[in-house]
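Because the structure is predicted, anything quoted here is derived from the model rather than measured.
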Amino acid sequence: VQLQASGGGLVQAGGSLRLTCAASQRTYTNYNIGWFRQAPAKEREFVAVIGWNHGSTYYAEPVKGRFTISRDNAKNTVYLQMDSLKPEDTAVYYCASGRAAWRGKYDYDYWGQGTLVTVSS
């Protein structure tokens with residue numbers, strides 16, 4: 001498995017979840033890692049990305065200030081800490097890696113299988 005996302009679940013609005021993306025060495029070193037989400041009947045959308053160089057980050061406006069992306073290079077793992085969750089955050093969350101990828105989903109080379117996050121009101 002090259003990328004595996006986990007940590008989804010059911011949480012009440014205002015709660016928190018931490019998603020984990022475990023990557024193989026081949027899909028992690030020198031790769032930017034992004035999180036995307038897809039709600040039912042909607043397009044897959046960008047959530048956050050963290051760069052290989054310097055760990056720079058970028059967030060989509062709807063999650064800015066509530067979500068935090070981080071990476072642990074010793075474990076080939078990227079985390080997405082999601083706080084102050086809202087019902088509109090409900091979606092399947094995917095992690096992906098790409099050497100030159102940033103916000104664009106078509107720029108990513110590898111994708112994990114997704115983990116479902118459900119936020120109840």
Side-chain angles (χ1 to χ4, degrees):
V1 177
Q2 300 184 50
L3 288 169
Q4 183 151 2
S6 62
L10 174 63
V11 63
Q12 287 190 329
S16 298
L17 280 175
R18 188 177 79 159
L19 304 184
T20 297
C21 178
S24 66
Q25 188 75 36
R26 191 169 73 88
T27 61
Y28 185 87
T29 303
N30 294 320
Y31 279 76
N32 299 335
I33 306 291
W35 284 98
F36 290 77
R37 66 186 181 186
Q38 188 166 16
K42 291 191 175 182
E43 293 283 323
R44 190 171 299 188
E45 64 176 8
F46 167 79
V47 174
V49 60
I50 186 164
W52 170 254
N53 290 327
H54 313 298
S56 54
T57 60
Y58 187 83
Y59 298 91
E61 281 298 325
V63 308
K64 199 172 289 185
R66 300 188 297 121
F67 291 11
T68 303
I69 189 170
S70 61
R71 64 193 299 164
D72 184 339
N73 292 341
K75 297 182 179 179
N76 293 350
T77 299
V78 169
Y79 304 100
L80 185 68
Q81 177 66 41
M82 306 187 296
D83 299 318
S84 303
L85 282 161
K86 304 175 181 179
E88 51 263 44
D89 294 318
T90 295
V92 177
Y93 283 71
Y94 299 88
C95 61
S97 70
R99 285 187 179 273
W102 201 239
R103 288 181 296 169
K105 58 187 175 185
Y106 299 111
D107 297 330
Y108 284 82
D109 303 308
Y110 303 98
W111 289 84
Q113 84 288 1
T115 185
L116 177 62
V117 172
T118 303
V119 184
S120 63
S121 56

Same apolar cluster (I L V M F W Y, side chains within < 4.5 Å links), [X]/[Y]:
X   : Y    : answer
L10 : L116 : no
V11 : M82  : yes
L85 : W35  : yes

Give me the one residue out of I33, V63, T115, L19 that meets side chain to side chain contact (heavy atoms under 4.5 Å, CB included) with L80.
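Per the side chain to side chain contact (heavy atoms under 4.5 Å, CB included) rule, the option paired with L80 is L19, out of I33, V63, T115, L19.
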Check: [Y] and [X] side chains under 4.5 Å, non-hydrogen atoms:
X    : Y   : value
Q113 : Q4  : yes
V78  : Y31 : no
T68  : Y79 : no

If we ignore hydrogens and angles and just use 3.5 Å, is the side chain of T57 paired with the main-chain N or O of I50 as donor and acceptor?
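Absent.
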Donor-acceptor contact below 3.5 Å, side chain N32 vs main chain A101:
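It does hold such a pair.
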Shortest non-hydrogen separation from [X] to [Y] and the atoms involved:
X    : Y    : answer
Y110 : L3   : O-CD1, 3.3 Å
A39  : A91  : N-CB, 3.8 Å
F36  : K105 : CE2-CB, 3.5 Å
S84  : S16  : N-OG, 4.4 Å
Q81  : D83  : NE2-OD1, 2.9 Å
A60  : F46  : CB-O, 3.4 Å

How many angstroms lie between OG in S121 and CD in Q12, if you round to the nearest 0.5 Å?
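Separation between the atoms: 9.5 Å.
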To the nearest 0.5 Å, what is the distance between OH on Y58 and NZ on K64?
5.5 Å
Please check if atom CZ in R103 has more than 12 non-hydrogen atoms from other residues, nucleotides or ligands closer than 6.0 Å.
no
Could you list the donor-acceptor pairs under 3.5 angstrom formed between side-chain atoms of residues 93-100 and any protein atom two or more places apart in sequence or on another chain?
residue : atom : partner : partner atom : Å
Y93     : OH   : R37     : NH1          : 3.0
Y93     : OH   : D89     : O            : 2.6
S97     : OG   : T27     : O            : 3.1

Mark yes or no: R71 above the aromatic ring of Y28, with NZ or CZ under 6.0 Å from the six-membered ring centre and no more than 45 degrees from the axis.
yes
